[in-house]
Peer 1: 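Quick one: the structure is below, and I'll ask about it shortly.
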Amino acid sequence: QVQLVESGGGTVQAGESLRLSCTASGSIFSLNAMGWYRQTPGKRREMVATISSSGYTNYGDSVKGRFTISIENVKKTVYLQMNSLKPEDTAVYFCSADGTLYGPGGRSFGSWGQGTQVTVSS
């Protein structure tokens, strides 16, 4: 009932920048928060950054000072501006969202996008 579509991944050189976008659609009554996570083969998915609908942000230690997360609530879109990229930032980046659906009872939801590849070469 909720779909997340990511865009903006690609291949860049170390030190360059990328901007990821993710838009949520479906029977969404309200959003609590959206975020970005990343995963490399054989490793656990790790939190990159999250943002609440009120703008409260949280960042993983490895990206603090380099990445910025922002949200447009009306568009149900979250962005991740990634600057000073490093080869260790190479991963599949997943968008997440949680909130409340339309309908009786106000069921909550939590959804993931399909992921977008970010590759940083040295």
Side-chain angles (χ1 to χ4, degrees):
Q1 288 181 305
V2 175
Q3 298 81 40
L4 301 180
V5 178
E6 301 122 330
S7 63
T11 300
V12 296
Q13 298 281 334
E16 294 183 341
S17 299
L18 275 177
R19 189 191 194 208
L20 304 182
S21 301
C22 172
T23 298
S25 62
S27 301
I28 301 171
F29 175 72
S30 65
L31 280 171
N32 292 334
M34 298 185 76
W36 291 95
Y37 293 72
R38 66 188 182 187
Q39 190 170 22
T40 54
K43 293 189 177 181
R44 295 177 62 182
R45 191 171 295 186
E46 66 168 343
M47 186 273 289
V48 176
T50 61
I51 186 168
S52 70
S53 58
S54 60
Y56 178 80
T57 59
N58 190 31
Y59 293 93
D61 288 341
S62 63
V63 306
K64 286 179 180 177
R66 298 187 298 123
F67 291 10
T68 302
I69 191 169
S70 58
I71 192 169
E72 287 192 70
N73 287 305
V74 172
K75 294 183 179 180
K76 297 184 180 62
T77 298
V78 65
Y79 305 96
L80 184 68
Q81 178 65 42
M82 305 185 293
N83 298 330
S84 302
L85 282 161
K86 304 175 181 180
E88 49 264 45
D89 294 317
T90 296
V92 178
Y93 284 70
F94 295 90
C95 174
S96 71
D98 65 85
T100 305
L101 299 172
Y102 277 109
R107 289 184 298 125
S108 62
F109 74 90
S111 297
W112 292 93
Q114 293 297 308
T116 185
Q117 177 70 46
V118 171
T119 303
V120 185
S121 58
S122 57

Peer 1: Does the side chain of Thr77 pick up a donor-acceptor pair with the side chain of Thr23 at under 3.5 Å?
Peer 2: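 Side-chain D/A pair, Thr77 to Thr23: present.
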Peer 1: Does a side-chain heavy-atom distance below 4.5 Å link Lys86 with Arg66?
Peer 2: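 A side-chain contact under 4.5 Å exists here.
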Peer 1: Working to the nearest 0.5 angstrom, can you tell me the gap between Asp98 CG and Met34 CE?
Peer 2: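 Between atom CG of Asp98 and atom CE of Met34 there are 9.5 Å.
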Peer 1: Are any of the side-chain heavy atoms of Tyr59 and Thr50 separated by less than 4.5 Å?
Peer 2: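 Result no, sub-4.5 Å side-chain heavy-atom pair not found.
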Peer 1: If you define the side chain from C-beta out and look only at heavy atoms, does anything of Lys75 sit under 4.5 Å from Ser21?
Peer 2: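 The answer is no; the side chains never approach within 4.5 Å.
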Peer 1: Examine the side chains of Ser70 and Glu72 and answer whether a donor and an acceptor come within less than 3.5 Å of each other.
Peer 2: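 Result is no, nothing qualifies.
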Peer 1: Could you measure the distance from the OH atom of Tyr93 to the CG atom of Leu80? Nearest 0.5 Å is fine.
Peer 2: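 Answer rounded to 0.5 Å: 7.5 Å.
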Peer 1: Using a 4.5 Å cut-off on heavy atoms from C-beta on, say whether the side chain of Phe67 contacts that of Val48.
Peer 2: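 Result yes, sub-4.5 Å side-chain heavy-atom pair found.
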Peer 1: Hey, could you give me the OG/CG distance between Ser62 and Asp89, rounded to the nearest 0.5 Å?
Peer 2: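 Output value for this atom pair is 7.0 Å.
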Peer 1: Do Thr40 and Arg45 have a side chain donor and acceptor closer than 3.5 Å?
Peer 2: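 Side-chain D/A pair, Thr40 to Arg45: absent.
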Peer 1: Would you check if Asn83 and Thr68 make a side-chain contact, meaning some heavy-atom pair closer than 4.5 Å?
Peer 2: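 Contact flag for Asn83/Thr68 side chains = no.
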Peer 1: Got a second to check how far Ser54's OG is from Asn32's CG, nearest 0.5 Å?
Peer 2: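 Output value for this atom pair is 10.0 Å.
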Peer 1: For the backbone of Gln81 and the side chain of Arg19, can you confirm whether one donor and one acceptor N or O come within less than 3.5 Å of each other?
Peer 2: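 Here the side-chain-to-backbone pair does not exist.
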Peer 1: Between Asp61 and Lys64, is there a side-chain N and carboxylate O pair less than 4.0 Å apart?
Peer 2: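 Salt bridge flag = yes for Lys64 with Asp61.
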Peer 1: Using the rule given for side-chain contact (heavy atoms from CB on, under 4.5 Å), can you reason through Trp36 versus Cys22, listing the C-alpha separation, both sets of side-chain angles and the distance that settles it, and then say yes or no?
Peer 2: CA-CA 9 Å; Trp36 291 95; Cys22 172; 3.6 Å; yes
Peer 1: Taking the side chain as every heavy atom from C-beta outward, state whether Leu18 and Met82 have any atom pair closer than 4.5 Å.
Peer 2: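 Heavy-atom side-chain distance check passes, below 4.5 Å.
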Peer 1: Return a table of donor-acceptor pairs under 3.5 angstrom between the side chains of residues 5-12 and protein atoms on other chains or two or more places apart.
Peer 2:
{"residue": "Glu6", "atom": "OE1", "partner": "Gln114", "partner atom": "N", "Å": "3.1"}
{"residue": "Glu6", "atom": "OE1", "partner": "Gly115", "partner atom": "N", "Å": "2.7"}
{"residue": "Glu6", "atom": "OE2", "partner": "Cys95", "partner atom": "N", "Å": "2.7"}
{"residue": "Glu6", "atom": "OE2", "partner": "Gly115", "partner atom": "N", "Å": "3.2"}

Peer 1: Quick one, Thr100 and Arg107 - any side-chain contact, counting heavy atoms below 4.5 Å?
Peer 2: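 Thr100 does not reach Arg107 side chain to side chain.
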Peer 1: Under the 3.5 angstrom rule, does the side chain of Thr90 hit a backbone N or O of Val120 as a donor-acceptor pair?
Peer 2: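 The answer is yes, because a donor-acceptor pair under 3.5 Å joins these two groups.
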Peer 1: Compute the ring centroids of Phe29 and Tyr102, then answer whether they are less than 6.0 Å apart.
Peer 2: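 Ring centroids of Phe29 and Tyr102 are less than 6.0 Å from each other.
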Peer 1: Less than 4.5 Å apart, any side-chain heavy atom of Ile71 and any of Tyr79?
Peer 2: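 Contact flag for Ile71/Tyr79 side chains = no.
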Peer 1: Would you say the side chains of Ser53 and Asn73 form a donor-acceptor pair under 3.5 Å?
Peer 2: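 No - no donor-acceptor pair under 3.5 Å links their side chains.
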